Amino acid sequence: RGNFARAMAEFMMAVSLGDPIPLSEQEKADLNGQALRLHYKRGIEQARCGRWQDACAEFQWAITYDAKDPDVRRSLAFAYASLNDFDQAEREYESTFALDPANAFAHADFAFLLSSNGQNERATRQMSEAVKLAPSAAALHVDLGWMAEARGDLPTAANEFRKAINLSPRHAGLWAHLGRIMERLGRSNEAMDAYVKAVKLDPQYSDVKERMTQLEDQVSS
C-alpha cells in the first residue's frame, strides 16, 4: 500500500529482527472482530455441510477473540448437540443465557436438545420461556404445541396452535393441524371448521379433504 516504513517493520518482525509495531486498542478490537467473523463464517459453512467437528473447531477459535459473543456460543452449543455431546452443549447454552437472557430462539434450541435427550419437563419449561420472550413468534407457539401434543396435553396443544394461527392466519398447515387436534378431542364441528379454512387457503390439500369426508360420514351415520 505504499507504506515502505511499515512494510520494513513487518518484514523485520517476521524474521525476528525487530519488535512488532504496537497497535492501538481500537486497532486490536478491529482485528479481533475480523478474526471472529472469519472463523464464525467458516464454522457456519462447515455446519451446513454436516462437518460438526470442524464447525466446533472454528467456533472455538472464534470464541478466543471474544468469549462473550452469545451468537458464537449458541452456534457452538448447537454443534456440540449435533455431535451428541449433550453435556458440553448444555454448558454452552447456559453460557448463552448468561450473556443474552432474552434470546428466545436459544431457549428453543435448548428445549429441543432436552426433548431429544428425554428430558421432557425441562424441555417444556425452556420452550415456555422462549414463547414468553418472543410471544409474537408463531413458530415458537407451534413448537410448544407440538411438545404439549406429544405428552398428551391436547387442550394446551390446541391453545398454542390457535395462538400461532392468530399470528399467521393464512398458514393452511396450522389450520389443518388444529383440525386434527380437535378431532382427537372429539370436537368434530370445530375440526371441520378448521379443515374448511385450511382448504380455502390451499385447495390442493388432499389429506384434509379426506379427513373432511370421513368426518362427514361419521356425523351422518
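On a predicted model such as this, the values are computed, not experimentally measured, just so you know.
- Proximity of K41 to R37: side-chain heavy atoms (C-beta onward) are nowhere separated by under 4.5 Å.
- Between E94 and R91 there is no salt bridge, since none of the side-chain N atoms of the basic residue sits less than 4.0 Å from a carboxylate O of the acidic one.
- Cluster membership check: L76 does not share its hydrophobic cluster with L83, using side-chain heavy-atom separations under 4.5 Å among Ile, Leu, Val, Met, Phe, Trp and Tyr.
- In this structure, K209 contributes its side chain and P203 its backbone to a donor-acceptor pair below 3.5 Å.
- Nearest approach of A172 to D202, heavy atoms of both residues: CB-CB, 3.8 Å.
- Of all the heavy atoms in A108 and A130, the pair that sits closest is N-CB, 3.9 Å.
- For the atom pair CZ (R73) and OG1 (T96), the distance works out to 7.5 Å, reported to the nearest 0.5 Å.
- Shortest non-hydrogen contact noted between G173 and Y205 is CA-OH, 3.7 Å.
- Smallest separation of non-hydrogen atoms from W52 and A79: CE3-CA, 3.7 Å.
- Ring pair F97/H107 is parallel by interplanar angle, where below 30° counts as parallel and above 60° as perpendicular.
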What do the steps show when you test R180 against E183 for salt bridge (charged side-chain N to carboxylate O under 4.0 Å, His left out), and what is the final call? CA-CA 5 Å; R180 296 187 188 100; E183 271 200 84; over 6 Å; no
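- In the hydrophobic cluster analysis, where Ile, Leu, Val, Met, Phe, Trp and Tyr join through side-chain heavy atoms closer than 4.5 angstrom, F59 is grouped together with L36.
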Kindly determine whether K28 and E25 satisfy salt bridge (charged side-chain N to carboxylate O under 4.0 Å, His left out), including the steps that lead there. CA-CA 5 Å; K28 291 178 183 177; E25 291 303 315; 3.6 Å; yes
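- Side-chain N or O atoms of H141 include none that pairs as donor or acceptor with a backbone N or O of V131 at under 3.5 Å.
- In terms of modelled atom types and a separation under 3.5 Å, the side chain of S128 and the main chain of T124 share a donor-acceptor contact.
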Assess the residue pair K132 and E129 against the criterion (side chain to side chain contact (heavy atoms under 4.5 Å, CB included)); give the C-alpha distance rounded to whole Å, side-chain angles, the decisive distance to 0.1 Å, and a yes or no. CA-CA 5 Å; K132 187 187 304 181; E129 181 65 19; 3.7 Å; yes
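- Counting only distance, with no hydrogens or angles, the side chain of W175 and the backbone of P169 share a donor-acceptor pair below 3.5 Å.
- For residues 176-203, the ring pair (Phe, Tyr, Trp, His ring centres under 6.0 Å) pairs, not counting sequence neighbours, are W146-H177, F161-H177.
- Residues M192 and E216 have side chains in contact (heavy-atom distance under 4.5 Å, counting atoms from C-beta outward).
- Shown here are the salt bridge (Lys or Arg N to Asp or Glu O under 4.0 Å) partners of E58, two or more places apart in sequence or in another chain: there are none.
- Side-chain atoms of E190 do not come within 3.5 Å of backbone N or O of R187 as any donor-acceptor pair.
- Side chain of R42 to backbone of A55: no donor-acceptor contact under 3.5 angstrom is found.
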As a quick check of understanding, evaluate side chain to side chain contact (heavy atoms under 4.5 Å, CB included) for Y40 and D71, giving each step before the final call. CA-CA 9 Å; Y40 185 64; D71 292 332; 4.2 Å; yes
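- A ring pair (Phe, Tyr, Trp, His ring centres under 6.0 Å) check over residues 112-134, counting only residues at least two apart or in different chains, returns nothing.
- Within the model, atoms CG of L174 and CZ of R162 stand 12.0 Å from one another, a figure rounded to the nearest 0.5 Å.
- With contacts defined as side-chain heavy-atom distances shorter than 4.5 Å, the pair L140/F105 qualifies.
- Across every non-hydrogen atom of A148 and A157, the tightest pair is CB-N, 3.7 Å.
- Contact detail for L99 and A67: the closest heavy-atom pair is CD1-O, 4.0 Å.
- You'll find the side chain of N120 stays beyond 4.5 Å of the side chain of R151, heavy atoms only.
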Step-by-step side chain to side chain contact (heavy atoms under 4.5 Å, CB included) determination, E121 to Q126: CA-CA 9 Å; E121 289 186 9; Q126 286 295 327; over 6 Å; no
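- Panel note: side chain N117, backbone Q119; no donor-acceptor pair is recorded below 3.5 Å.
- In this structure, Q53 CD and S82 OG are separated by 11.5 Å, a value rounded to the nearest 0.5 Å.
- Using a distance-only test at 3.5 Å, with no hydrogens or angles considered, no donor-acceptor pair links the side chain of S168 to the main chain of A164.
- Note on V196 and V199: same hydrophobic cluster, where clusters join Ile, Leu, Val, Met, Phe, Trp and Tyr whose side-chain heavy atoms are under 4.5 Å apart, directly or indirectly.
- Note: I44 CD1 to C49 SG = 11.5 Å, rounded to the nearest 0.5 Å.
- A donor-acceptor pair is defined here as one N or O able to donate and one able to accept, closer than 3.5 Å; no such pair exists between the side chain of T156 and the backbone of D153.
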If you apply the rule side chain to side chain contact (heavy atoms under 4.5 Å, CB included), what do you find for F78 with Y93, and how did you get there? CA-CA 8 Å; F78 191 88; Y93 276 121; 3.9 Å; yes
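- In this structure, a donor-acceptor pair under 3.5 Å is absent between the side chains of Q34 and D30.
- R170 CZ: 12 or fewer foreign heavy atoms inside a 6.0 Å radius.
- Put simply, V142 and I165 are part of the same group of oily side chains (I, L, V, M, F, W, Y) that touch within less than 4.5 Å, one to the next.
- Taken to the nearest 0.5 Å, the CZ atom of R122 stands 9.0 Å off from the CG atom of L113.
- Connection of L185 to L178 is established within a shared hydrophobic cluster, with ILVMFWY side chains joined at heavy-atom distances below 4.5 Å, either directly or through further cluster members.
- Annotation: the span from S188 atom OG to M182 atom CE amounts to 11.0 Å, rounded to 0.5 Å.
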